[in-house]
Amino acid sequence: MTDMKKPVLNDMLLLFIFSAVILLMPFWLEPFGAAYPDLLQKFAIYGIFAIGFNILLGLTGYLSFGHAAFLGVGSYAAVWSFKLLTMNVLPAVLFGVLFAGALAAIIGFLSLRRSGIYFSILTLAFAQMSYNLAYSVLTPITNGETGLQLDRSDPRILDRMFSEGEPAAGLPSTDLFGVTMSGYPGFYFCAVILIVCFFISIRIFRSPFGLMLKGIKSNQNRMQYTGLNTRPYMQTAFIISGMFAGLAGSLLAVTDPLAGAERMQWTASGEVVLMTILGGVGTLIGPILGAALIKYFENIFSSFNDTVLEQAFSFLPESVLDVVVPLMGLFVGSGWQLTLGLLFMVVVIFLPGGLVEGFNRIFKFIRSGKKRKGLVEPTQDQASE
Amino acid sequence: MNDIKKPGVSRRGLLKAGAITGLVASTPSFFIKDAWAADFRNNPKNTGELKLGFNVPQSGPYADEGADELRAYKLAVQHLNGEGDGGMLNTFKPSMLTGKGVLGKKVTFATGDTQTKSDAARASAKRMIEKDGVLMVTGGSSSGVAVAVQSLCQEQGIIFMAGLTHSNDTTGKDKRRYGFRHFFNAYMSGAALAPVLNKEYGSDRRAYHLTADYTWGWTQEESIKNSTEALGWETVQTVKTPVGAGDFSQYITPVLNSGADVLILNHYGKDMINSLTQAVQFGLRDKQVNGKNFEIVVPLFSRLMAQGAGDAIKGILGTTNWNWSLQDDGSQAFVKSFGAEYGAPPSMAAQTCYAQTLLYANACEMAGTFYPPEVIKQLEGFNFDGMGNGPTFYRAEDHQCFKDVLVVRGNENPSSQFDLLKVVDVTPRAQVEYDWNIFGGSLGPYIVE
């Protein structure tokens, strides 16, 4: 029992394959109708959000129901950086991460005194508080329901220092040293950050710190009986997780410089929980899968209307078509959440480990199929495991 | 451990091969895309189709309006393609629309759900622009959404024909070169409503505002406050309420003891249905304050809301952009074809969306091209008639339409389930016009990168 279960792929290979898959998304997602910059950016950004969330939920088992607050704070910080300092994205990302980290430190300090359902409720309360602050009380900073937007008359101190003459006639766009951060460049920027985040997440999972967090998950009391103070570990994990969320929030602002309070609503917090559970809690790749799946549903399924359905099922005879299209219409368009709900139920009931568990089962099934043909080898194989 | 094989070479090979095939296959399209960039975004070129993006709320507090808007858009597309009875195509003048598509291209559409949220609205607009390749985005039933989508469209170089948006900001502080609004605004509501309020309720009143907390609510409160205070009214208090609050009782209770004798509800959609119903249930309208009957005013009224609020709307005053009971040819033609298609008369949201689609199509015909800067120039300063509001003018300086404004009252004795609003007064266009400079803001450039 001394050797831990070795993963099938070693980490570097995993990272390599992951990078390739992410960077080539514009090509292989084409047949799914998802290869357009805005959705690709969302895949990458919510992937980061879910990775960060998984560091908390997957490693420590603490279910935070208020992660959207950090996402929102990251967005607001980034937009303010665009308004006050410069349209360059690096300071925006930096401030987004820092402010989210600071908020996470405060909320974490207060919430981590409790565990289980009490922790969830506390984080939910803090997030809802932040939402209401952003929505009404802090309107001068957040612009309330209308959302914080750029304006031509913003100061942008750094930009003004380096550029001479009149500002351009239109609104400036976000850039990275001259490269405009919308469309595909924006996606590649987010994708590279996602890969870096994925790498960080692997390192955390494999580190002694990660093991300590896993220890907390399996039995926090026992950890404490050994004389170890678990609070600092929890606090650190919470802050890291909050910073990931802030990073995702600032990237949302980078690709589209607008921040609205609805990003902080409890539904947004719930969404990241769904993403992580759907993909597979505590797995490296699961949260990203879940994030992509949910964003795909939200953007593609919601856009199907009856005309699209009629085209898709045009091979059916007229009479069948009249029944099928209205029936299917319930599950697409504005009913996309119904489909998502059903899928979520199926996953939770039959694959508690999320989609990753599903893939593992398929993978094992294929391998065992191969072995049945080989006959001799598999018995040894069984014994050695 | 020797039993763990390296993942088969075949898989890696497959990945590699797949990646290379993908790259090679998409290379031509990649270069062609760049070649088109010098042109304009989503140029339909040789395809026989013109695609429009209908971005309406299908969920959230304004979903009823969104559903009706979508019906109107579909009807407009039918009429543009020469299907159905042609609707306002027959009454709209001057018009170059023939009912054979636009510039020889068949009109098609993509739809999106704004969820009445700025974020979601921008995401679905982006999807339609980037994936579906729409040439024009239209819709929205909230000014917050309209302002957000309008600025996105400016960045993307896509024309935005605003649907139902009533905030002064849409064509004021936040106006954009690529955004156009046919609907009226809060300033016009105030200007039209004030004389009627003066006549009905006198010049010595104390008003209490409940206001939806976003751009539309803020500007409507400001406009109504300004025009009622000009009458000599006093504003007791203004309270902001969150959008989609559902329960307004905590905001209505303080009104009872505030000494106010008029409650002004700057709410819309389901919010207005809830707040008005609750205000009536609390007995506000049966009260006597300062020796006068307590009154409730809803500055922006729509038939869909009246339907939702039931008996509570009887006798309530407000303004509306259009009502199906109007007797001019344009309105009649539209009501007839809408009723034939969907079995109910259109709402004012439907009318403005329908008109906007026709106006855009006509501007393309007039320009002879889909190139946005040329289309914009055709719309700017365009004078037209036959769309249901009498002679109408698209002002070039702020892209706001000017037309007569209707002051309506909730019908005491409706003759049908749709006959809910009675037109009290048609305020002539001259009375609601204003100097475009008062709201600030700037349109921005014609040509965007």
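- For the set A/Leu39, A/Asp256, A/Leu252, the entry with the most heavy-atom pairs within less than 4.5 Å of chain B is A/Asp256.
- The aromatic rings of A/Trp28 and A/Phe32 sit perpendicular to each other, their planes meeting at more than 60°, with 30° as the lower class boundary.
- Residue contact with chain A, scored on non-hydrogen atoms closer than 4.5 Å, involves the side chain of B/Trp218 exclusively.
- Proximity to chain B is limited to the side chain of A/Thr139, based on heavy atoms less than 4.5 angstrom apart.
- Heavy-atom distances place the side chain of B/Ser151, and not its backbone, under 4.5 Å from chain A.
- Under the 4.5 Å side-chain criterion, counting only non-hydrogen atoms from C-beta, A/Asn10 is not in contact with A/Phe16.
- Interface with chain A: from residues 115-127 of chain B, residues B/Gln115, B/Thr116, B/Lys117, B/Ser118, B/Asp119, B/Arg122, B/Ala123, B/Lys126, B/Arg127 qualify, criterion being any non-hydrogen pair under 4.5 Å.
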Stepwise, does the salt bridge (charged side-chain N to carboxylate O under 4.0 Å, His left out) test hold for B/Lys240 with B/Asp213? CA-CA 5 Å; B/Lys240 308 264 190 295; B/Asp213 195 2; 5.8 Å; no
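- Using a 4.5 Å heavy-atom cutoff, the side chains of B/Lys131 and A/Ile300 are in contact.
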Using salt bridge (charged side-chain N to carboxylate O under 4.0 Å, His left out), reason through A/Glu271 and A/Lys295 one step at a time and then give a plain yes or no. CA-CA 10 Å; A/Glu271 199 180 55; A/Lys295 285 292 146 189; 3.6 Å; yes
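- Contacts between B/Arg176 and chain A at a heavy-atom distance below 4.5 Å involve the side chain alone, from C-beta outward.
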Could you walk me through whether B/Tyr268 and B/His166 pass the ring pair (Phe, Tyr, Trp, His ring centres under 6.0 Å) check? CA-CA 10 Å; B/Tyr268 193 73; B/His166 188 246; 8.1 Å; no
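- Between A/Phe43 and A/Tyr296, some side-chain heavy-atom pair lies under the 4.5 Å cut-off.
- Proximity to chain B (any heavy atom under 4.5 Å) is shown, for A/Asn132, by neither the backbone nor the side chain.
- For the pair B/Lys74 and B/Glu83, the salt-bridge criterion is not met [side-chain N within less than 4.0 Å of a carboxylate O].
- Nearest approach of B/Asn168 to B/Thr219, heavy atoms of both residues: N-OG1, 3.1 Å.
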